[in-house]
Trainee: 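Here it is: the structure, laid out below.
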Protein chains: 2
Amino acid sequence: MLIKYGVNSGIISFGSAKDCILASSAAVLRRQQFLIRSLGGYTDQTTQRRMQQVNSMSGTALEADSETILRAITPILDPNRHKGQAGKIAVIGGCREYTGAPYFAAISALKIGADLSHVFCTKDAAPVIKGYSPELIVHPILEESYSISGLGDEERRCISSKILAEVDKWMERFDCLVVGPGLGRDPYLLECVSEIMKHARQSNVPIVIDGDGLFLVTNSLDLVSGYPLAVLTPNVNEYKRLVQKVLSCEVNDRDAPELLQSLAKRIGGVTILQKGKSDLISDGDTVKSVSIYGSPRRCGGQGDILSGSVAVFLSWARAKEKSTISNPTVSGCIAASALLRKAASLAFENKKRSTLTSDIIECLGRSLEDISPAS
Amino acid sequence: MLIKYGVNSGIISFGSAKDCILASSAAVLRRQQFLIRSLGGYTDQTTQRRMQQVNSMSGTALEADSETILRAITPILDPNRHKGQAGKIAVIGGCREYTGAPYFAAISALKIGADLSHVFCTKDAAPVIKGYSPELIVHPILEESYSISGLGDEERRCISSKILAEVDKWMERFDCLVVGPGLGRDPYLLECVSEIMKHARQSNVPIVIDGDGLFLVTNSLDLVSGYPLAVLTPNVNEYKRLVQKVLSCEVNDRDAPELLQSLAKRIGGVTILQKGKSDLISDGDTVKSVSIYGSPRRCGGQGDILSGSVAVFLSWARAKEKSTISNPTVSGCIAASALLRKAASLAFENKKRSTLTSDIIECLGRSLEDISPAS
């Protein structure tokens with residue numbers, strides 16, 4: 001695999017030499033691990049410790065101490081604080097076709113402890129999303145091509161400007177945007193959302209990108225490239241497309257941490273949470289993994305919980321003093337991954353094969369309480 | 001009865017001779033059963049065994065070992081799998097008049113363990129179905145005659161093509177379609193759905209047909225004739241109409257298994273699940289029955305649960321190696337029938353006369369867990 005992206009790297013100007021170094025260190029690491037496993041006389045624990053040391057030395061993914069990080073991030077509930085101080089999140093998503101995904105992301109943020117959760121979606125999607133819960137603030141402002149089909153270019157531009165102005169009114173108040181859950185792939189809508197992302201970036205608002213937002217970003221890398229407050233949360237297929245586009249190579253499980261690190265670095269230090277059996281998280285400098293057991297159920301919608309959760313934890317992490325949380329985006333991802341896994345595990349214990357995303361959302365509160373009690 | 005359909009069989013070119021043989025063997029069987037029952041000295045168990053032997057010899061419906069089949073079909077939950085691998089189901093149904101039925105079918109699929117459940121319905125029905133649950137992906141794409149009443153033939157054809165193209169985008173991803181729950185009988189809509197079924201068949205996607213889908217199919221047998229991945233799930237009246245149309249005779253309880261077998265064979269080896277006090281299932285070669293006790297409550301909507309359940313079990317059965325599950329459509333029907341009966345029985349224990357379809361759906365998970373524990 002590494003040779004593959006070496007071969008294709010002619011079109012990419014930055015990072016290839018480093019990728020090769022990472023690649024050869026991965027090969028050295030595998031040999032070291034094999035030697036350690038081959039040594040007699042070690043107990044399992046000793047072997048594990050040794051392997052962790054090797055991992056640590058080589059930069060390969062090290063299991064994060066996710067519960068400690070989650071506790072460090074989660075703010076103390078202080079009666080002196082007022083509405084909004086525990087987080088104001090906005091989800092950009094929800095179209096004629098999809099309404100569940102933005103709801104899952106937005107309600108998860110509230111269930112974890114954010115104070116306010118907004119959704120910016122199309123006019124069609126808004127009443128449905130509002131109907132799922134009175135807790136959300138839903139703005140019916142986005143437009144899809146079909147709803148403006150009779151209009152000329154000038155009128156379309158005018159509508160775009162209005163949409164953007166509407167979001168801008170709120171932008172500075174948000175601690176984090178989630179772009180993508182149930183966004184759909186309508187070209188006119190995605191164009192508007194690109195502009196929203198540019199404005200968010202100008203305002204230094206962090207952006208978590210999932211689902212169709214990743215489709216948008218994979219085709220317009222400039223939107224996030226070099227923005228350290230962008231977090232991408234790809235699943236298996238979204239990750240494949242991203243790697244193909246950015247590194248011109250195929251995904252290979254063996255060198256997963258190295259590949260992820262290269263990808264994050266190449267996109268200019270964004271943070272990537274690669275979802276899988278273990279979640280891997282990298283900002284281009286380090287790679288961490290979260291492997292605590294979740295659930296074997298793969299019902300659609302769990303990714304939406306994760307994106308809403310990352311938004312909250314990232315916001316909380318950024319609000320802490322820098323000396324406490326060194327890297328808010330990576331720490332936010334670790335905390336969100338750990339919490340989702342714990343909630344999924346709790347839900348599965350009870351509902352088994354019948355577990356749905358709503359069941360997992362109902363377990364977010366108890367899971368957080370188990371790790372970081374409110375009082 | 002047998003004479004009846006002999007008399008009317010002039011219009012049907014295939015199968016009548018065989019039907020007569022089945023009919024006379026049924027008469028012989030009934031006499032044998034009477035003799036066995038009349039013999040003194042047999043314990044009940046011996047009588048049952050004898051009757052089973054006779055059944056087995058004659059090809060009459062044999063009670064399926066449904067729980068064993070259900071366990072064999074249900075996949076192990078493997079943490080290495082990703083979203084979609086436990087099943088992606090689509091329900092074609094839902095119009096201005098009916099919205100509950102497609103919801104029941106789609107949500108049942110998820111509650112049994114499918115990963116993704118879509119609904120393709122009319123524009124009017126979509127917001128309501130979406131509102132029932134954020135877990136479903138609802139596509140508002142079908143049209144009824146009233147919504148295109150001012151348009152000319154060319155425009156109508158253009159809309160049909162768009163609808164078909166929209167479904168086609170998804171078709172290859174689906175493991176099974178359910179056609180019919182809450183579909184209604186609008187001619188324009190049914191024409192579109194006929195085209196969707198043809199495309200599904202070209203793509204080798206299994207189709208479970210219930211409700212108004214059976215109305216469509218009874219009048220256009222070509223849609224399913226000779227397609228071994230079609231499953232029809234008629235209730236008493238739908239079955240009557242089907243038998244009248246295909247075999248030109250009336251239904252008679254005495255020879256139910258033979259008649260069902262003839263019907264399935266005559267439609268070219270589709271699988272039919274004939275719902276009743278006992279469910280009978282035949283693909284034209286064998287006839288199986290599922291008689292485990294369900295509930296005496298006959299609230300509307302239980303058929304929708306069944307159609308969604310058949311879709312999931314059929315998909316799971318097809319994903320197994322052929323050596324394990326010899327006939328995925330029949331096995332899928334047996335498993336679905338057994339699970340619905342168990343869930344209905346559990347719901348009735350608790351809710352009695354007040355039992356509704358939603359109560360039964362809530363018992364699907366526990367019922368499946370009782371038979372085939374997730375871990």
Trainee: By a 4.5 Å heavy-atom criterion (distance strictly below it), what part of B:Ile112 contacts chain A: side chain, backbone, both, or neither?
Mentor: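 When you check distances to chain A, only backbone atoms of B:Ile112 fall under 4.5 Å.
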Trainee: For B:Ile361, is it the side chain, the backbone, both, or neither that has a heavy atom closer than 4.5 Å to a heavy atom of chain A?
Mentor: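 The answer is neither part of B:Ile361.
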Trainee: Output the option from B:Val138, B:Leu116, B:Ile137 having the highest count of non-hydrogen pairs under 4.5 Å with chain A.
Mentor: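 Top option by heavy-atom pairs under 4.5 Å: B:Val138.
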Trainee: Using a cut-off of under 4.5 Å on heavy-atom pairs, state which of B:Ala374, B:Gly365, B:Gly87, B:Pro373 scores highest against chain A.
Mentor: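 Option with the top pair count is B:Ala374.
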Trainee: Sort out for me which of A:Gly301, A:Gly303, A:Cys299, A:Gly131 touches chain B most, counting heavy-atom pairs under 4.5 Å.
Mentor: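 Going by pairs under 4.5 Å, I would pick A:Cys299.
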Trainee: Between chain A and chain B, identify all donor-acceptor pairs below 3.5 angstrom, including backbone and side-chain atoms.
Mentor:
residue	atom	partner	partner atom	Å
A:Arg96	O	B:Lys130	NZ	2.9
A:Glu97	O	B:Lys130	NZ	2.6
A:Glu97	OE2	B:His139	ND1	2.5
A:Tyr132	OH	B:Lys130	O	2.8
A:Lys277	NZ	B:Asn80	OD1	3.4
A:Arg297	NH1	B:Gly113	O	3.1
A:Arg297	NH1	B:Ala114	O	3.2
A:Arg297	NH1	B:Asp115	OD1	3.2
A:Arg297	NH2	B:Leu110	O	2.8
A:Arg297	NH2	B:Ala114	O	3.1
A:Arg298	NE	B:Arg81	O	2.9
A:Arg298	NH2	B:Pro79	O	2.9
A:Gly300	N	B:Asp115	O	3.0
A:Arg353	NH1	B:Pro75	O	2.8
A:Arg353	NH2	B:Pro75	O	3.1
A:Ser354	OG	B:Lys111	O	3.0
A:Thr357	N	B:Glu135	OE1	3.3
A:Ser358	N	B:Glu135	OE2	2.8
A:Ser358	OG	B:Glu135	OE2	2.3

Trainee: Check whether B:Ala114 gets within reach of chain A through its side chain, its backbone, both or neither, counting any heavy atom under 4.5 Å.
Mentor: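 For B:Ala114, the contact with chain A is made by the backbone alone.
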